[in-house]
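The structure appears right after this line, and notes come after that.
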Amino acid sequence: MAEEKELRYDPAVIEPKWQERWAADPKLYAADPITSGKPKYYVLEMLPYPSGQLHMGHVRNYSIGDALARHMWMRGYNVLHPMGWDAFGLPAENAALKNNTPPRQWTLSNIAGMKRQFGRLGMGFDWATEVTTCFPDYYRWNQWFFLRMYERGLVYRKKSKVNWCPECATVLANEQVIDGRCWRHEDTIVEQRDLEQWFFRITAYAQELLEGLDKLDGWPEKVRTMQRNWIGRSEGTEVDFFLAEDAVNAQNDDGSPKVIPAGRRIRVFTTRVDTIFGATSIQLAPEHALVTEMASNDAGLAKQVSQLLEEQKKAREAGDVGAIEKHGVPTGHFAVNPYNGERIPIWVANYILADYGTGAIMSVPGHDERDFEFATKYAIPVRRVIAPANPVAEETALPFTTEDGVLVNSGEYNGLGYAEATRRLQEAAVRGGFGEPKITFRIKDWGVSRQRYWGTPIPMIHCERDGIVPVPDEQLPVILPDNVEITQTGGSPLARVPEFVNVTCPKCGGPAKRETDTMDTFVDSSWYFYRYTDAHNDKAAFDSAIANYWFPIDQYIGGVEHAILHLIYSRFWTRVMRDLGMIKNDEPAEHQFSQGMVIKDGHKMSKNRGNVVSPDDMVNRYGADATRMYALFAAPPDRDLDWQEDGVAGVSRFLGRAYRLVMRYAATARAANGAIAPEPSGLSLKLLRKLHQTIAKITQDFEGRWHFNTDVAAIMELVNEIQGADAQLAAGEVPAAVLRELLTALVLLLAPFAPYLAAELWDELGGEGAVLRAPWPPSNPNLAREDELEIPVQINGKLATLVRVPAGSAPSVIEAAALADEKIKSRTAGKTIAKVIVVPGKTVNLVVK
RNA sequence: GCGGAAGUGGUGAAAUGGCAAACACACUAGCCUUAGGAGCUAGCGCCGCAAGGCUUGCGGGUUCAAGUCCCGCCUUCCGCACCA
């Protein structure tokens, strides 16, 4: 009775036992020194925000990474597999408001809880290199980088329209606004405010960030495409139109003369300068400086412009700028085309964006869809200046928007094609001093000021005498004070802490005030993975030699939601550090993997929907191994995963079968002495063959295909096969040495996916040391090979029967076997076999008439 | 509108152009009993008593052979979207 009880798989007993042992061995998951001589492998999963609870998305993310890390350890690599906490951020302040708990305390207690969850899940992280971004020993380096970037002109301050989330009570970077809403509050419409802000000059690297994508073939195409779109490079020309002299003669509503001086310029950006002879109006964004000027003494215009602005704002709030109905107002002013002196009207239109290009366009309705729509509505002339290259073969109706044509009605440029015309027109602009070639990017500089408390203080001082003065390095870190009153009223909480604000100016020694905004938390996560390599360095952010050993990251794993946020900031930051001489790599990660979402009942898990599954609950009921293994088994890692609790129970039952199988024969296997026979046969061969096929499949899959769901399935098949021979095994039909090989390898194969069970069974089999460091089993191709194959025989492509032939049979042998088959004979009797296709080892197809 | 991914049993899914549905879940029947969220055996795409036929969103095509490649369309999801 006691013996039978031992055969029960009970993760609630096994898992805590190993947790304790692993916790007592802090070196278990530590990387070797960089002098180890082993090949290095840096596997990284995105660090979590310490919200208080791991969710299933985390469990999936870390199950993938941990399986990979464990596999690479077993393959003999020097593996770096670290973890940390993205510990600054707004939820801590919200919690403070709600529970009256200081953000620091709230965050640290969440970290403690989540670290316990990681421990229960059996994740193999080296906690000795843990990074917590809200600690001064980390964020001081944010400040240090900020100062270095300031010195290099990569940090600047400007007043501009910025995104303001009323819910967060702070500004957001462009990347953090999704369809006009806050990335953290999908229901909150982001407002525009004029504020003075600190910016990182990410645009200085726009071109390089774009070009780098072409070389990142270890990244998903989806992520690369999204980044390309975000950077939005566009090649074109900037051209100055002149305000026409006639404008001076115009009159205001009250009959007084207009005061706009003639001869001034309006700069437009266009990608189609070859169509400039077709420009029949100039369109300005409502917020264009010239519009403001014109409206300042024209009440009628001012009113209409504010209406256009309102329409733009509404469209932005609706998250559908593209659907706005085009409206415009003529300003009563005119501009002169510098190429032909033509005088065209200046309008203000709601479809022109102030923050792209120059906020002004030349409108060419003959060759642009939008301009055509607008011109038709307001009866602005439409003129053809591009004729199709082959007028007979092509549709010639306007608007004609392709580049593939020749210029007409364009004076001396008539007859030229797109490329040549563009080149000549650009040359003329440069010569005439009214324009030049220009590359425009959609990406904007990264606004990093946040009017919040729980973040890295910006290391700058405002002195009445000396203006902006950087905090000297030796005064770093600028410590974020405790005991700050958090309110939701907006404005930086730090501004209400006199001890923090009031300082002496480092330059003149006079009274000065500290910057009270803090940094965007995406700053923290832009470089944390470098800190892991040298987490306790108090002289530098990290040691270059160590970072250069580990970088680039071999495999980075995380959710696709960071495709253009974190992942683009990280690529920027890596280049900045490279240019500071700190590292050699251009890109942070060689391979990036975006896992699919975890969903339930067809929807993303959310509190609102009440479909959240708690990892703790799963671990309590089925154990960590079953929870993790299900996360890998239920879908390929890149696809969305539908969480079905019955599936977890199924995996748990499988682990029980594997456990009992190994336990049943552990003693026999352990007592085995001697090697397995060089040429096993019968049942031994059958089982060893299945084993080696399984090893080959899983080993190959880890190389990059990563279909861990089929790897788990393959292990299940292996267990089913061995289990199916239970009676013969019990009868001793298979030598103990073979049993030992089967069971040992099975445990090793399980180790990346079910670390607790593998550790337990490794122990039972008398394995030496940690299973984690045991060598990955090699696949023996001789044993994996089948000696007889079942070949499908088709008649006209449809399956007719199966024939057995020895492996490696010549096509003629296979053909003969197929033709000799009774079923084939009867089905082809009286018909002509026109052709026989034999694909050796695969199939035979008879073409029969 | 543009770009991308996907569409296969009741469910999650599998399949270098070569036997569609591996492995699981659910379900059905039976066995076992130490009654456990257990274990074991068998069945389980659709039609049909069977022989056999049919089946990978829809329609074409390429091929000896198509879930897989090509063309057109439909649906779902994701990203981008007056970007001049």
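So you know, we letter chains A, B, ... as the sequences are listed, proteins then strands, and number each from 1.
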Heavy atoms within less than 4.0 Å of RNA chain B: which residues of residues 646-657 of chain A have one? Give them sorted by number. A:D646, A:G650, A:R653, A:R657
What residues from residues 712-728 of chain A pass a heavy-atom cutoff of under 4.0 Å to RNA chain B? A:A713, A:M716, A:E717, A:N720
Which sits closer to the 5' end of RNA chain B, A:V560 or A:R370, going by the nucleotide each is nearest to?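 First, find each residue's nearest nucleotide; the 5'-ward one identifies A:V560.
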Keeping A:D445 on the side-chain end and A:I202 on the backbone end, is there a donor-acceptor pair under 3.5 Å? yes
Could you tell me how far [M] sits from [N] if I compare only their [atom1] atoms? Round to whole Å.
| N | M | atom1 | answer |
| --- | --- | --- | --- |
| B:rC44 | B:rA21 | P | 12 Å |
| B:rU8 | B:rG45 | C1' | 10 Å |
| B:rC2 | B:rG12 | P | 31 Å |
| B:rG18 | B:rC80 | C1' | 41 Å |
| B:rU68 | B:rA20 | C1' | 11 Å |

Give every pair of a protein N or O atom and an N or O atom of nucleotides 13-19 of chain B that lie under 3.5 Å apart, one pair per line with the distance.
residue	atom	partner	partner atom	Å
B:rA13	O3'	A:N709	ND2	3.4
B:rA14	OP1	A:N709	ND2	2.8
B:rA15	OP1	A:R705	NH1	3.1
B:rA15	OP1	A:R705	NH2	3.1
B:rU16	O4	A:K842	NZ	3.2

Which is true for A:L846 with a 4.0 Å heavy-atom rule: it touches a base, it touches only sugar-phosphate, or it touches nothing?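 If one applies the 4.0 Å heavy-atom cut-off, A:L846 turns out to touch nothing in the nucleic acid.
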Could you check whether A:E403 pairs with A:R272 (Lys NZ or Arg NE/NH1/NH2 to Asp/Glu carboxylate O, under 4.0 Å)?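 Salt bridge flag = no for A:R272 with A:E403.
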Parallel, tilted or perpendicular: which describes the rings of A:H562 and A:H566, with under 30° parallel and over 60° perpendicular?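 A:H562 and A:H566: perpendicular rings.
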Can you classify the ring geometry of A:F708 versus A:F702 as parallel (below 30°), tilted (30 to 60°) or perpendicular (above 60°)?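 Correct class here is tilted.
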Expressed in angstrom and rounded to an integer, what is the separation of [X] atom [atom1] from [N] atom [atom2]?
| X | N | atom1 | atom2 | result |
| --- | --- | --- | --- | --- |
| A:Y356 | B:rA81 | OH | P | 12 Å |
| A:Y659 | B:rA38 | OH | C1' | 15 Å |
| A:Y9 | B:rG37 | OH | C1' | 14 Å |

Report the secondary structure of RNA chain B in dot-bracket form, marking unpaired bases with a dot and bases paired to a different strand with |, and treating Watson-Crick or G-U pairs with both distances under 3.5 Å as paired. (((((((..(((.....[....))).(((((.......))))).(((....)))..(((((..]....))))))))))))....
Using a 90° cut-off around 0 for syn, call B:rG9 syn or anti.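 This nucleotide is in syn.
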What does the list of N/O pairs under 3.5 Å between the protein and nucleotides 51-56 of chain B look like, with a distance for each?
residue	atom	partner	partner atom	Å
B:rC54	OP1	A:K798	NZ	3.2

Counting only side-chain nitrogens and oxygens, does A:S234 get under 4.0 Å of the OP1 or OP2 atom of B:rA84?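 Checking A:S234 against B:rA84: at least one side-chain N or O falls below 4.0 Å of OP1 or OP2.
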Heavy atoms only: give me the nearest A:V268-A:I361 pair and the separation to one decimal. CG1-C, 3.6 Å
N/O contacts under 3.5 Å, protein versus nucleotides 29-33 of chain B?
none

Should the side chain of A:K835 and the base of B:rC64 be counted as holding a donor-acceptor pair, with the cut-off at 3.5 Å?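 Check fails, no donor-acceptor contact within cut-off.
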